[in-house]
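Below, chain A is the first sequence line, B the second, and so on; all start at residue 1. All values below were derived from every heavy atom in this structure, side-chain atoms included, with hydrogens, water molecules and symmetry-related copies excluded. These numbers come from a predicted model, not from an experiment.
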Number of protein chains: 2
Amino acid sequence: MPQQKKAPVVVSIQALHRMPYYLHLLKDYQAAGETVISAKAVATELRLNDVQVRKDLAAVSSVKGRPNTGFEIQDLIDNMEDYLGYNNLMDAVLVGTGSLGRALLSYKGFENYGLNIVAAFDNNPDLVGTRISERTVKSTEDLSDFCKRLKIHIGIITVPAPAAQEVCDQLLDGGILAIWNFAPAHLSAPEHVLIQDENMAASLAMLSRKLKEATR
Amino acid sequence: MPQQKKAPVVVSIQALHRMPYYLHLLKDYQAAGETVISAKAVATELRLNDVQVRKDLAAVSSVKGRPNTGFEIQDLIDNMEDYLGYNNLMDAVLVGTGSLGRALLSYKGFENYGLNIVAAFDNNPDLVGTRISERTVKSTEDLSDFCKRLKIHIGIITVPAPAAQEVCDQLLDGGILAIWNFAPAHLSAPEHVLIQDENMAASLAMLSRKLKEATR
DNA sequence: TAGATTGTTAATCGATTAACAATC
DNA sequence: TAGATTGTTAATCGATTAACAATC
């Protein structure tokens with residue numbers, strides 16, 4: 001039996017995190033008129049180990065590099081965008097139209113990353129019905145029904161921490177499979193639901209801690 | 001020679017990332033009227049390994065847990081806030097008053113995490129002089145001078161990606177030691193400067209990738 | 001050909017988890 | 001005392017880096 005399938009290369013979470021940086025750099029080089037790039041050049045730019053770069057690229061890309069030359073930039077970009085899912089748009093709902101929620105709604109760039117925020121929700125009756133960045137704010141009462149009806153798989157939580165779990169439960173009720181959580185709170189959810197925490201408090205803590213160590 | 005110094009426990013970057021979650025949970029328990037908590041309970045709540053929790057707590061806390069009882073919640077909170085630097089406010093400047101910059105400026109919670117945004121900068125002359133969340137927007141021309149004069153150590157970059165490196169250079173010029181970078185771009189800076197990337201594109205990519213794998 | 005670069009296999013490094021004695 | 005929990009030492013796991021043959 002011929003094994004035609006691509007080997008299921010496991011990409012570590014750290015490697016996955018590096019991917020957008022590769023992509024960004026590749027586009028920069030392409031914009032500068034380059035057509036090929038070596039793993040070593042990428043490594044130097046991003047201050048990474050060149051073997052690591054080669055492994056990362058090999059994991060997500062079907063093209064091979066040519067000794068003494070490097071990789072075709074266009075090929076890598078295509079493969080990486082494909083891998084990162086930037087090519088197929090996914091629908092999402094956003095809950096919580098405070099300042100951060102508004103900022104995310106007004107950000108035009110998410111479509112480039114494959115994310116389409118189709119609706120915004122808030123529990124404040126004064127906000128329900130108003131329009132933010134061309135979307136009408138809906139009541140959180142309709143949240144789970146909306147998700148079910150439109151088969152939305154991604155929920156973005158931008159409510160204050162104390163309300164986060166409740167919103168999470170509503171999203172789960174609506175059949176959501178992945179949550180992008182901006183609330184500084186730990187969410188409880190079934191194993192199969194993906195939770196991506198965007199905890200700015202955590203990031204800030206890391207920054208301030210490292211700064212403290214550095215200036216000691 | 002007596003070694004009175006606390007052992008220089010190395011806290012991994014992953015561990016550091018868990019700290020804010022511990023702190024949050026501890027405060028929740030305290031708010032619920034608890035005074036002690038076991039590492040096991042923390043581990044169960046946050047879906048971590050209990051030995052890991054004990055190691056993490058031991059690394060940042062001077063108090064020891066009591067067998068059969070656990071840890072004093074208040075002690076842990078004190079130690080952790082201290083460790084994370086939430087008790088000593090650090091000054092920062094923010095550059096780029098687009099939607100994300102505004103969202104961060106309007107967020108009242110940063111002071112709880114030890115961050116004080118003292119000024120906002122933008123290169124758009126129309127915005128310079130306007131007020132956002134009780135701060136007057138200054139011109140980026142004055143950025144490095146301002147940082148030098150007030151001895152600011154932290155810079156927050158919320159400008160579009162193509163402008164990020166230029167702003168970074170200005171901040172470095174102003175003697176900044178740490179940068180919290182929200183632009184989806186890789187910044188070049190000397191080794192000793194801390195760069196904390198808050199790359200939403202990267203997070204989003206991870207979410208969408210994992211979702212893709214899960215629904216396959 | 002010589003030099004540069006690739007990709008793979010093995011070694012190293014670091015973090016997580018398991019095992020277990022110590023303690024309240 | 002027995003049971004629960006702690007903290008430490010050792011084993012495991014996974015990611016990064018080093019070494020090196022293969023290739024253009």
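- With sequence neighbours excluded, no residue forms a salt bridge (charged side-chain N to carboxylate O under 4.0 Å, His left out) with A/E198.
- Listed by chain and residue number, A/Y107, A/W180 satisfy the ring pair (Phe, Tyr, Trp, His ring centres under 6.0 Å) test with A/F110 (two or more places apart in sequence, or in another chain).
- Listed by residue number, B/S12, B/Q14, B/R18 are the residues of residues 12-40 of chain B with a heavy-atom contact under 4.0 Å to DNA chain C.
- The ring pair (Phe, Tyr, Trp, His ring centres under 6.0 Å) check on B/Y113 picks up B/Y86, with sequence neighbours excluded.
- Rounding to whole angstrom units, CG of residue A/L57 and C1' of C/dT5 are separated by 13 Å.
- Here the options are A/Y22, A/Y21, A/Y29, the test is side chain to side chain donor-acceptor pair (under 3.5 Å), and the partner is A/E45; only A/Y29 passes.
- Between B/D50 atom CG and D/dT8 atom C1' the separation is 14 Å, expressed in whole Å.
- Atom CD of A/Q74 is surrounded by more than 12 heavy atoms from other residues, nucleotides or ligands within 6.0 Å.
- Here the P atom of nucleotide C/dT6 and the CD atom of A/E72 are 13 Å apart, to the nearest Å.
- Looking at residues two or more places apart in sequence or on another chain, you find a side chain to side chain donor-acceptor pair (under 3.5 Å) between B/R54 and B/D50.
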Q | Sequence-aligned protein contact record of nucleotides 18-24 of chain D, with B where the base is within under 4.0 Å of a protein heavy atom and S where only the sugar-phosphate is | A | B----BB
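- Remark: B/K148 engages no residue in a salt bridge (charged side-chain N to carboxylate O under 4.0 Å, His left out) (not counting sequence neighbours).
- In this structure, B/Q52 places its CD atom 16 Å from P of D/dC13, rounding to the nearest Å.
- Between B/F71 atom CZ and D/dA4 atom C1' the separation is 14 Å, expressed in whole Å.
- For A/D91, the side chain to side chain donor-acceptor pair (under 3.5 Å) test picks out A/N116, with sequence neighbours left out.
- B/A163 pairs by the side chain to side chain contact (heavy atoms under 4.5 Å, CB included) definition with B/V159, not counting sequence neighbours.
- Sorted by first and then second residue, the ring-ring contact (aromatic ring centres under 6.0 Å, His included) pairs involving residues 35-61 of chain A (not counting sequence neighbours) form an empty list.
- Legend: salt bridge (charged side-chain N to carboxylate O under 4.0 Å, His left out) pairs involving residues 10-19 of chain B, not counting sequence neighbours, sorted by first then second residue: B/R18-B/D56.
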Q. Which dot-bracket string describes DNA chain C (Watson-Crick N1-N3 plus N6-O4 or O6-N4, or G-U N1-O2 and O6-N3, all under 3.5 Å; [ ] crossing; | other strand)?
A. ..||||||||||||||||||||||
